[in-house]
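Step one of this worksheet: look at the structure below.
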Number of protein chains: 2
Amino acid sequence: MTTHTRSQIESQMRAAGLKLTPQRFAVLDYLSRSSAHPTAEQIRIDLNRRFPRASRATVYNTLNALCRAGFVNAIYLDDAVGRYEAVINSHHHFVCRACGHIEDVPVEHVRALPQKGLRANRKVENYEIVMRGICDSCDERTTD
Amino acid sequence: MTTHTRSQIESQMRAAGLKLTPQRFAVLDYLSRSSAHPTAEQIRIDLNRRFPRASRATVYNTLNALCRAGFVNAIYLDDAVGRYEAVINSHHHFVCRACGHIEDVPVEHVRALPQKGLRANRKVENYEIVMRGICDSCDERTTD
DNA sequence: TCCTAATTTAGACTTATTCTAATCACCGCT
DNA sequence: AGCGGTGATTAGAATAAGTCTAAATTAGGA
């Protein structure tokens, strides 16, 4: 889907009518390296360990802008807190009910939903699946 | 699944170690009649039009208790706000990207996911699907 | 009826997110 | 180099969602 070299990002941003500021690049770079589905606050803390610094408002502005532009995806799972991820590949999510850990599940691992019900009486454009259960490490910890 | 006559609720509550207070019954009754996926605040406002009154804390306490007991389900969709529904039948959700309207989609309308990927490297106990697109009325409004 | 643990309550508090108004940075133009 | 304008960033205030506290009330069993 989206590739993340600086120049590609730059042109895609411009296409979306957005300037590529150091803060925006930093957020996107951070997210594209992370698989932790961090909250805005976590992103702010991690980012501010080094240049460029970003205020809370900027983190939110940036995340919203990147979401609108399609670079970033926000997810809301089991509490009233947004979590963010770079849009790199298409995937669903698995959440461990014991430790809360969130894992990506590539779409290839889940056979596509049949078109049938999807078209029923509304136009479904896309869908995401949240699976819940026990992750490997919690499972071991329980079974020992 | 769960039936909602007073006596059935009573015994199920008891089984869950919960007292059946007027507030709890009111919340559950309200939710089992609603298909609007209301927020806690919306529930509080609607409830307080008549007896029994419930404070904000009670609404949250009650919702959490009912969730734990399996009578109520909380969902988090596109913003940092919890929405609630009575657990009556098993269904997924459709969200209109234009008007935000949330619709239930019975599981029968969506062929079950294959077991394959689900079992991959974690124990999936259940899953929910959030479909997004355009609902009927927004579609008409656009197509006219 | 009486007792006790569970529940409700108002309001304070915490946390998540948005808003505001001022400053700052970049860009094209002179 | 200097100017002006648009858009971004900022600190901090404001709003909103949810939790906590300590005191008063109540459900439900003895």
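Keep in mind that what you see is a predicted model, and the values were worked out from it rather than measured. Convention: sequence-line order gives letters A, B, ...; per-chain numbering from 1.
Contact between A/Met13 and A/Phe71 at its shortest, heavy atoms only, is SD-CE1, 3.6 Å.
Residues passing the side chain to side chain contact (heavy atoms under 4.5 Å, CB included) test with B/Arg33 are B/Asp29, sequence neighbours excluded. Shown here are the side chain to side chain contact (heavy atoms under 4.5 Å, CB included) partners of A/Pro106, two or more places apart in sequence or in another chain: A/Glu108, A/His109. Partners of B/Ser55 under the side-chain hydrogen bond (donor to acceptor under 3.5 Å, both in side chains) rule, at least two apart in sequence or in another chain, are B/Thr58. By the side chain to side chain contact (heavy atoms under 4.5 Å, CB included) test, B/Arg14 is found to be paired with B/Glu10, residues two or more places apart in sequence or in another chain being considered. When the salt bridge (Lys or Arg N to Asp or Glu O under 4.0 Å) test is applied to B/Arg132, the partners found at least two apart in sequence or on another chain are A/Glu128, B/Asp78. Contacts of A/Arg53 classified as side chain to side chain contact (heavy atoms under 4.5 Å, CB included), with partners at least two apart in sequence or in another chain: A/Asn48. Partners of B/Asp104 under the salt bridge (Lys or Arg N to Asp or Glu O under 4.0 Å) rule, at least two apart in sequence or in another chain, do not exist in this structure.
Taking every heavy atom of residues 45-57 of chain B and every atom of DNA chain C, pairs under 4.0 Å involve B/Arg53, B/Ala54, B/Ser55, B/Ala57, by number.
Put simply, chain A comes within 4.0 Å of DNA chain C, heavy atom to any atom, from C/dA16 to C/dC19, going 5' to 3'.
Among the atoms of the strands shown, none is found under 4.0 Å from any heavy atom of A/Glu41.
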Would you sketch DNA chain C in dot-bracket for me? Only Watson-Crick or G-U wobble pairs with both distances under 3.5 Å count, crossing pairs as [ ], other-strand pairs as |, the rest as dots. ||||||||||||||||||||||||||||||
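If you check the side chains of B/His91 and B/Glu103, you find no donor sitting under 3.5 Å from an acceptor. A donor-acceptor contact under 3.5 angstrom links the side chains of A/Tyr30 and A/Asp46, judged on distance only.
Of the two residues near DNA chain D, B/Val81 and A/Val59, the one whose nearest nucleotide lies more 5' is A/Val59.
For the salt bridge (Lys or Arg N to Asp or Glu O under 4.0 Å) condition, no pair includes a residue of residues 15-25 of chain A, sequence neighbours left out.
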Provide a list of protein-nucleic acid N or O atom pairs under 3.5 angstrom, restricted to nucleotides 24-28 of chain D.
from: D/dA27; atom 1: N3; to: B/Lys19; atom 2: NZ; distance (Å): 3.2
from: D/dG28; atom 1: OP1; to: B/Leu20; atom 2: N; distance (Å): 3.2

